[in-house]
Each structure stands twice: as structure tokens, then as C-alpha cells.
There are 2 protein chains.
Amino acid sequence: MNGKELEERSFIEDIAMFCEKMGLPRMAGRVLGMLLISEPPSQSLNDICERLQASKSSVSTMARLLVGEGLIEPAPCLMPRRDYFKFRNGGWLEFMRRRMETMAALHAIADRGLELLDGKDESLKERLEEAHAVFEFVDSEFHGWLYRMEQRGRRKS
Amino acid sequence: MNGKELEERSFIEDIAMFCEKMGLPRMAGRVLGMLLISEPPSQSLNDICERLQASKSSVSTMARLLVGEGLIEPAPCLMPRRDYFKFRNGGWLEFMRRRMETMAALHAIADRGLELLDGKDESLKERLEEAHAVFEFVDSEFHGWLYRMEQRGRRKS
DNA sequence: CTAATCGTTCTGTAAATACCGAACGATAAG
DNA sequence: CTTATCGTTCGGTATTTACAGAACGATTAG
């Protein structure tokens with residue numbers, strides 16, 4: 001394995017570890033990592049299996065998982081009878097959007113907590129009011145934020 | 001168990017499931033959940049064990065984990081020879097800050113990927129340029145964002 | 001000193017997870 | 001029709017994880 005290939009491996013593995021931290025299986029990260037630097041961008045399941053030295057079953061499953069996450073998408077078949085995938089345009093934005101939504105869920109939970117402390121001393125409520133504030137802020141700020149990111153993306157393409 | 005207690009349980013469990021989605025053990029979420037609605041805010045390990053019907057070992061471990069996450073902190077002992085904990089002021093902000101930092105790590109990884117495609121066609125680089133843009137944006141926007149959140153918090157207290 | 005009680009840590013166990021290989025159904029080639 | 005080659009799915013295995021219980025050292029009360 002030459003130097004270039006090693007660097008690519010290293011990149012793929014970094015993406016894999018990043019994905020792992022984000023709660024995805026490491027193998028999903030590897031598939032994604034490959035599709036981020038592959039040439040051409042569209043690769044068949046077999047290509048991926050071979051390159052990653054991983055089993056068909058894993059790659060097939062992880063590919064569909066990543067499609068579900070909005071990070072990759074099916075691509076036109078270059079060879080007949082083969083499933084191709086490529087990184088999905090705007091995939092990272094979608095990824096961030098979903099993460100933020102998960103975070104923002106705490107907003108509603110905090111409200112329910114506040115109801116439980118209804119009538120109690122204000123000092124007791126501070127903890128949940130912070131949660132309320134932070135995640136309401138996340139929720140609101142984030143939308144304009146996504147909008148600006150999308151604009152920025154649109155200018156490029 | 002009366003209705004109030006059931007609602008509290010439900011709240012605690014919601015926090016637990018939220019924490020689980022964020023990659024923390026469910027039990028850590030339960031400890032946190034309890035410290036978000038406890039009266040008084042400071043509770044001893046024993047109090048927590050009893051309330052959650054969980055083992056000393058779990059609660060002890062999870063408490064230290066949450067301290068490490070910046071979500072709770074040791075509190076003055078109300079009873080002698082007991083460790084007290086309470087939700088940490090600004091804990092949620094700190095929590096968000098760390099999550100965002102983890103996300104922003106992709107910024108650097110994307111750059112390394114771009115180096116691998118150096119000299120290649122621009123169309124090949126788009127994927128990683130998106131990653132670069134999104135997470136550079138996350139990184140930069142987020143700081144002003146935190147600042148404004150903190151200001152907002154300061155106004156309250 | 002002895003006994004009790006605290007928090008930590010080690011060990012064990014049940015459950016979840018990641019991954020692979022094999023079996024399978026579908027489709028296309030010979 | 002037969003065979004080869006897809007992708008999916010099922011079953012098994014090894015690893016990891018969450019949690020509890022027991023053992024331990026430290027501290028305080030009697």
C-alpha cells in the first residue's frame with residue numbers, strides 16, 4: 001500500500017471515528033468516508049466492499065442506513081445490475097439539521113419539568129428555565145442559521 | 001405511587017432517553033433528570049439511589065460522569081459525610097458548547113480530504129467543500145451564538 | 001478499639017451492538 | 001432451463017456496554 005492509499009485510509013478512518021462519536025456504526029462512517037473522496041463520486045456496493053475489505057452485508061446495510069440519515073443517495077447505474085451510491089448534495093446540512101432538532105427536543109421536556117415545579121420557589125425553577133432558554137434559542141436561531149447556510153450553498157452552485 | 005410521582009418519573013425518564021440519544025448511559029440521564037426537579041436542588045448520592053431505586057455503584061459512577069460532562073457539580077454537604085450534587089449553573093450551555101466542538105472537528109478532517117483531491121477536477125471537491133463550509137460556519141457562528149446566550153443568561157441572574 | 005456508614009472500585013452478568021458469512025430471491029446471460 | 005451475479009436478510013459470534021453486587025479503604029460514632 002503506497003503513501004497516497006495510506007492517507008486515504010487515514011481520512012476514511014477519521015470520518016469513521018467521527019461518525020462513531022455521532023452514534024453511527026463505524027462501518028457506516030467508512031462507507032461515507034469513501035464516498036467523500038471517491039473518484040468518481042458514484043460507487044457501486046461492490047466497489048465499496050472491495051475498497052474497504054468489508055462484507056457485502058455490512059456495506060449494504062450501512063448504505064441504506066446512510067441514505068436514511070440523508071447523507072448519501074442512490075445514484076444512476078453506470079454498470080447494469082449494480083446499485084450505485086454517492087454523497088448527497090446538502091447532506092451535511094441535513095445532518096446538522098437533524099442533530100439540532102434532537103437537541104431542541106429538550107425544549108419541550110424542560111417545559112414539562114417546569115410544570116412539575118409550578119407554584120414552587122423561583123430558585124427551584126432556575127435550572128429548567130436555563131434549559132428552556134438555551135434550547136428555545138437553539139430552536140429559533142438555528143432556523144435562520146440553516147437558511148443562511150443554504151443561501152451560501154446556493155451562491156456556490 | 002401517586003400521580004405527581006408518576007409525572008416526575010416520566011420527566012426523569014424523558015431526560016434519560018434524551019441523554020441516551022446524546023450518547024450518555026441512560027442511568028446518567030436519570031441522575032440528571034432527578035437533579036433537575038429535586039427539592040432542594042442539592043441531593044446526596046443516597047438520596048438519588050433511593051429515589052431512582054438504583055445501585056450505589058451506578059449512581060456514584062454516573063454522578064462523576066456528569067461532573068465530567070459539566071452538567072452537574074459537587075455541592076456543599078448538608079449532612080456530614082455525604083456527597084451532594086446539584087445541577088451546574090450554565091450546564092446546558094457547556095453541554096452545547098462541547099457538542100458543537102465535536103461537530104466542528106469535521107472542519108479539519110474535510111480539509112485533509114481536500115488535500116487528497118488536490119489537482120483533481122473541481123466537481124470532485126464539491127462534497128468536501130460543502131463539509132468545509134458547513135463546519136467552518138458552525139465553528140464561527142457558534143461562538144457569537146454562545147456569547148449572546150451567555151449575555152441573555154446574565155441578564156436574568 | 002469496634003461497629004457502622006460513606007464513596008469508590010472491581011468483578012460478574014445480561015443485554016445490545018457490529019460485523020461477517022451463508023442462505024435466499026430476483027434478474028440477466030448463456 | 002441453467003448458471004452466474006446482484007442485493008437483501010437471517011443467524012451466529014465476538015465485542016462492548018449498562019448495571020448490580022460485593023469487597024474494600026476511609027472516616028466517624030459509640
Side-chain angles (χ1 to χ4, degrees), chain A residues 9 12-35 38 42-69 71-86, chain B residues 9 12-35 38 42-69 71-86:
Chain A
R9 276 260 170 235
I12 289 173
E13 216 56 29
D14 282 353
I15 295 286
M17 292 177 68
F18 174 81
C19 285
E20 205 173 33
K21 268 197 239 175
M22 295 290 118
L24 302 176
R26 184 174 293 208
M27 189 64 78
R30 282 196 267 261
V31 172
L32 177 61
M34 167 165 177
L35 290 178
S38 60
S42 287
Q43 298 279 321
S44 74
L45 286 182
N46 272 18
D47 295 336
I48 301 173
C49 286
E50 207 175 312
R51 172 68 174 280
L52 300 179
Q53 296 289 345
S55 70
K56 270 196 306 174
S57 55
S58 290
V59 174
S60 168
T61 307
M62 295 309 155
R64 270 176 307 117
L65 175 70
L66 288 169
V67 169
E69 292 281 330
L71 279 166
I72 70 174
E73 62 187 358
C77 307
L78 306 179
M79 299 271 287
R81 303 230 311 122
R82 297 226 167 155
D83 282 16
Y84 278 78
F85 293 93
K86 66 187 219 22
Chain B
R9 275 261 170 235
I12 290 173
E13 215 56 28
D14 282 352
I15 295 287
M17 292 178 69
F18 174 80
C19 285
E20 205 174 33
K21 269 197 235 172
M22 296 290 118
L24 302 176
R26 184 174 294 209
M27 188 64 78
R30 284 196 265 260
V31 172
L32 177 62
M34 167 164 176
L35 289 178
S38 60
S42 288
Q43 298 279 321
S44 74
L45 286 183
N46 272 17
D47 295 335
I48 302 173
C49 285
E50 206 176 311
R51 172 68 176 280
L52 300 180
Q53 296 288 347
S55 71
K56 271 196 305 173
S57 55
S58 291
V59 173
S60 169
T61 306
M62 296 309 155
R64 270 178 307 117
L65 174 70
L66 288 169
V67 170
E69 293 280 331
L71 278 166
I72 71 174
E73 63 187 357
C77 307
L78 306 179
M79 299 273 286
R81 303 226 316 118
R82 298 224 167 156
D83 283 15
Y84 278 78
F85 294 93
K86 65 187 218 22

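Values in this document were obtained by computation on a predicted structure and should not be read as measured data. So you know, we letter chains A, B, ... as the sequences are listed, proteins then strands, and number each from 1. Only heavy atoms go into these numbers, but all of them, side chains included; no hydrogens, no water, no symmetry mates.
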Can you give me the N/O atom pairs linking the protein to nucleotides 16-19 of chain D at distances under 3.5 Å, or say none if there are none?
residue, atom, partner, partner atom, Å
D:dC19, OP1, B:Met27, N, 3.4
D:dC19, OP1, B:Arg30, NH2, 3.4
D:dC19, OP2, B:Met27, N, 3.1

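- Between A:Arg82 atom CZ and D:dA4 atom C1' the separation is 12 Å, expressed in whole Å.
- Under the 3.5 Å distance criterion, with hydrogens and angles disregarded, no donor-acceptor pair is assigned to the side chains of A:Ser60 and A:Ser57.
- Put simply, A:Arg64 has a side-chain N or O that comes within less than 4.0 Å of OP1 or OP2 on D:dT9.
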What N/O pairs connect the protein and nucleotides 28-30 of chain C at under 3.5 Å? Give each pair on its own line.
residue, atom, partner, partner atom, Å
C:dA28, O4', A:Arg81, NE, 3.4

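- The CG atom of A:Leu65 sits 16 Å away from the C1' atom of D:dT9 (whole-angstrom rounding).
- The separation between B:Asp83 atom CG and D:dG25 atom C1' is 15 Å, rounded to whole Å.
- As rounded to whole Å, 10 Å separates atom P of C:dA16 from atom CD of B:Glu20.
- Other residues, nucleotides and ligands contribute only 12 or fewer heavy atoms inside 6.0 Å of the CE atom of A:Met17.
- Counting to the nearest Å, the P atom of C:dT5 and the CD atom of B:Glu50 are 14 Å from each other.
- Summarising the geometry, atom CG belonging to A:Asn46 is positioned 9.5 Å from atom CE belonging to A:Met79; distances are rounded to the nearest 0.5 Å.
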For this session: Dump the intermediate steps for side-chain contact (heavy atoms from CB on, under 4.5 Å) on B:Ser38 and B:Gln43, then the final yes or no.
Result: CA-CA 7 Å; B:Ser38 60; B:Gln43 298 279 321; 3.6 Å; yes

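- Spacing between atom CG of B:Leu45 and atom C1' of C:dT9 amounts to 14 Å, rounded to whole angstrom units.
- No more than 12 heavy atoms of other residues, nucleotides or ligands shown are found within 6.0 angstrom of CD on A:Glu50.
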Problem set entry | Worked check of side-chain contact (heavy atoms from CB on, under 4.5 Å) between A:Ile72 and A:Lys86 | CA-CA 6 Å; A:Ile72 70 174; A:Lys86 66 187 219 22; over 6 Å; no

Problem set entry | CA sep, side-chain torsions, deciding dist, call: A:Arg64, A:Thr61, side-chain contact (heavy atoms from CB on, under 4.5 Å) | CA-CA 5 Å; A:Arg64 270 176 307 117; A:Thr61 307; 4.2 Å; yes

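- When the P atom of D:dG25 is taken as reference, atom NZ of B:Lys56 falls 14 Å away, rounded to whole Å.
- A distance of 14.0 Å separates CZ of B:Arg82 from OG of B:Ser42, quoted to the nearest 0.5 Å.
- Across the protein-nucleic acid pair, B:Leu78 atom CG and C:dC6 atom P stand 14 Å apart, rounded to whole Å.
- Contact between the side-chain N/O atoms of B:Asn46 and the OP1/OP2 oxygens of C:dT5 is not found at any separation under 4.0 Å.
- Shown here are the side chain to side chain contact (heavy atoms under 4.5 Å, CB included) partners of A:Glu13, two or more places apart in sequence or in another chain: A:Ala16, A:Arg26, A:Arg30.
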